[in-house]
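All residue numbers in this chain count up from 1 along the given sequence. Computed over heavy atoms, backbone and side chain alike; hydrogens, waters and symmetry mates excluded.
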Amino acid sequence: VPQANVEFPVRVTQILAILITVATQQDMHISMNLLYGGFNTDLQRAFPTATRAKWLFAIILRFLGGCLGLGITFFLIVSAETGIDVLLNFTAMEFVSQLDEVDFYLAEQGFVGSSNQSVALQCAETTYDSRSTSRVLRRSLLLFFMLVVVLIAWGFVTKEQQSGKYLCQTLYVQFDDALVPSLGTFSGFYDLSVSESRGFLSSAHVKYVERRSRGRAAFGYCKSSQTWTLTYREPEFNDESEIEETDPCNGRAQSSKTF
């Protein structure tokens with residue numbers, strides 16, 4: 001999750017996607033409902049081969065599967081660079097998470113054998129009495145707790161992204177001096193420099209400042225041209241604060257268009 005230049009609307013889209021993901025995570029919701037209903041004699045009467053151990057094991061597996069899906073969706077959301085990427089990643093994971101429902105539907109319709117159809121119909125049509133679900137407060141609190149945990153994780157990851165922790169800390173650059181001989185003097189190590197003015201949801205790019213010349217050269221991002229550029233000062237200007245103030249759009253060399 002190395003993104004550090006995400007726009008504010010993308011962050012808002014991430015929050016909305018997280019809300020929808022938690023609200024639609026059926027495996028976790030059903031697991032909590034089954035656990036809340038408990039294992040009783042009516043369930044065992046409806047399914048004679050069921051035992052408490054099997055019942056609990058199935059619930060745990062389903063809950064862990066839901067947690068895995070939620071975790072993967074979460075990391076796809078926080079690593080997205082644009083709002084479209086957030087929606088595409090979210091939609092793809094929602095599609096994958098519904099594949100088990102498709103398998104059950106095919107079995108119920110008899111497309112995978114009559115024995116599977118018989119078992120699927122039994123599971124779909126058999127009913128039993130469970131604990132009263134009139135008290136929804138506990139389950140609502142569990143759902144709210146899940147949402148709070150995911151939002152806290154999102155806030156932590158976002159903070160670390162904005163600090164540049166997940167970015168490469170040092171670059172080694174070797175310039176070709178065939179066309180511009182002076183560029184060869186700026187070959188070397190460039191260290192990550194994060195602006196102190198970056199806010200929690202700001203979208204500013206980081207800079208990489210040359211280590212050897214104490215910041216006389218740096219790589220920065222120009223939003224207008226959507227390119228990374230190299231800016232540098234003449235030897236008499238070797239103060240790092242000056243290169244930090246240099247406009248990246250006035251670079252001496254630039255990359256192709258990128259984020």
Side-chain angles (χ1 to χ4, degrees), residues 1-4 6-40 43 47 50 52-105 123-124 127-163 165-166 199-201:
V1 285
Q3 308 306 326
V6 178
E7 299 287 345
F8 177 76
V10 178
R11 295 297 186 191
V12 175
T13 306
Q14 289 177 348
I15 295 176
L16 293 177
I18 288 174
L19 293 175
I20 297 174
T21 300
V22 174
T24 58
Q25 188 48 256
Q26 295 184 8
D27 287 337
M28 299 180 70
H29 300 165
I30 294 175
S31 299
M32 289 188 295
N33 281 334
L34 290 174
L35 191 61
Y36 179 80
F39 184 85
N40 52 44
L43 186 149
F47 300 96
R52 185 179 297 273
K54 292 179 181 178
W55 171 80
L56 186 60
F57 184 65
I59 291 178
I60 292 175
L61 288 182
R62 187 160 195 169
F63 184 80
L64 292 178
C67 290
L68 179 62
L70 180 61
I72 294 175
T73 305
F74 171 79
F75 282 107
L76 288 175
I77 289 174
V78 297
S79 62
E81 297 176 341
T82 65
I84 295 179
D85 290 339
V86 173
L87 296 177
L88 288 177
N89 292 338
F90 167 75
T91 304
M93 281 305 303
E94 286 296 306
F95 169 76
V96 172
S97 66
Q98 295 298 320
L99 290 179
D100 58 337
E101 302 293 339
V102 175
D103 292 338
F104 184 83
Y105 173 78
C123 293
T127 61
Y128 63 93
D129 293 331
S130 63
R131 182 185 302 177
S132 174
T133 57
S134 58
R135 297 180 180 179
V136 298
L137 180 59
R138 291 182 181 179
R139 290 179 296 155
S140 299
L141 288 177
L142 286 174
L143 182 61
F144 180 74
F145 176 75
M146 289 169 47
L147 177 61
V148 170
V149 170
V150 177
L151 288 178
I152 290 176
W154 172 83
F156 174 79
V157 172
T158 299
K159 181 178 179 298
E160 295 297 291
Q161 285 178 328
Q162 294 302 99
S163 67
K165 182 177 181 179
Y166 302 128
F200 180 69
L201 297 177

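Just one of Leu151, Thr73, Val150 meets the side-chain contact (heavy atoms from CB on, under 4.5 Å) condition when paired with Val22; it is Val150.
Here CE of Met28 is found 11.0 Å from CG of Leu68. Values are rounded to the nearest 0.5 Å. Taking NE2 of His29 as the start and OG1 of Thr24 as the end, the distance is 7.5 Å to the nearest 0.5 Å. A distance of 12.5 Å separates CG in Leu147 from CG in Leu142, rounded to the nearest 0.5 Å. Distance check, rounded to the nearest 0.5 Å: CZ of Phe104 to CD of Glu101 gives 8.0 Å. Put simply, CG on Leu35 and CD1 on Ile60 are 8.5 Å apart, with the number rounded to the nearest 0.5 Å. Note that CE of Met146 and SG of Cys67 are 7.0 Å apart. Values are rounded to the nearest 0.5 Å.
Residue Ile84 qualifies as open at atom CD1: its count of foreign heavy atoms under 6.0 Å is 12 or below. Other residues, nucleotides and ligands place no more than 12 heavy atoms under 6.0 Å from the OH atom of Tyr105.
Here the shortest heavy-atom pairing between Val86 and Thr13 reads CG1-CG2, 3.7 Å. Of all the heavy atoms in Leu76 and Asn89, the pair that sits closest is O-ND2, 3.2 Å. The heavy-atom pair separating Asp27 from Gly66 by the smallest distance is CB-CA, 3.9 Å. Nearest heavy-atom pair, Ala80 versus Asp85, reported as atom, atom and distance to 0.1 Å: CB-CB, 3.7 Å. Closest of all the heavy-atom pairs between Phe90 and Ala17 is CE1-O, 3.9 Å. Among all heavy-atom pairs drawn from Gln25 and Leu70, the shortest one is NE2-N, 3.7 Å.
The side-chain heavy atoms of Thr21 and Phe74, taken from C-beta on, include no pair separated by under 4.5 Å. With a 4.5 Å cut-off on side-chain heavy atoms, Phe39 and Leu34 do not count as touching. Between Gln26 and Arg62 there is no side-chain heavy-atom pair separated by less than 4.5 Å. No side-chain heavy atom of Trp154 sits under 4.5 Å from any side-chain heavy atom of Lys159. Residues Gln14 and Val10 meet the side-chain proximity criterion, which asks for heavy atoms closer than 4.5 Å.
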(request) Take Phe95 and Thr91, measure what side chain to side chain contact (heavy atoms under 4.5 Å, CB included) needs, and give me the verdict at the end. (result) CA-CA 6 Å; Phe95 169 76; Thr91 304; 5.7 Å; no

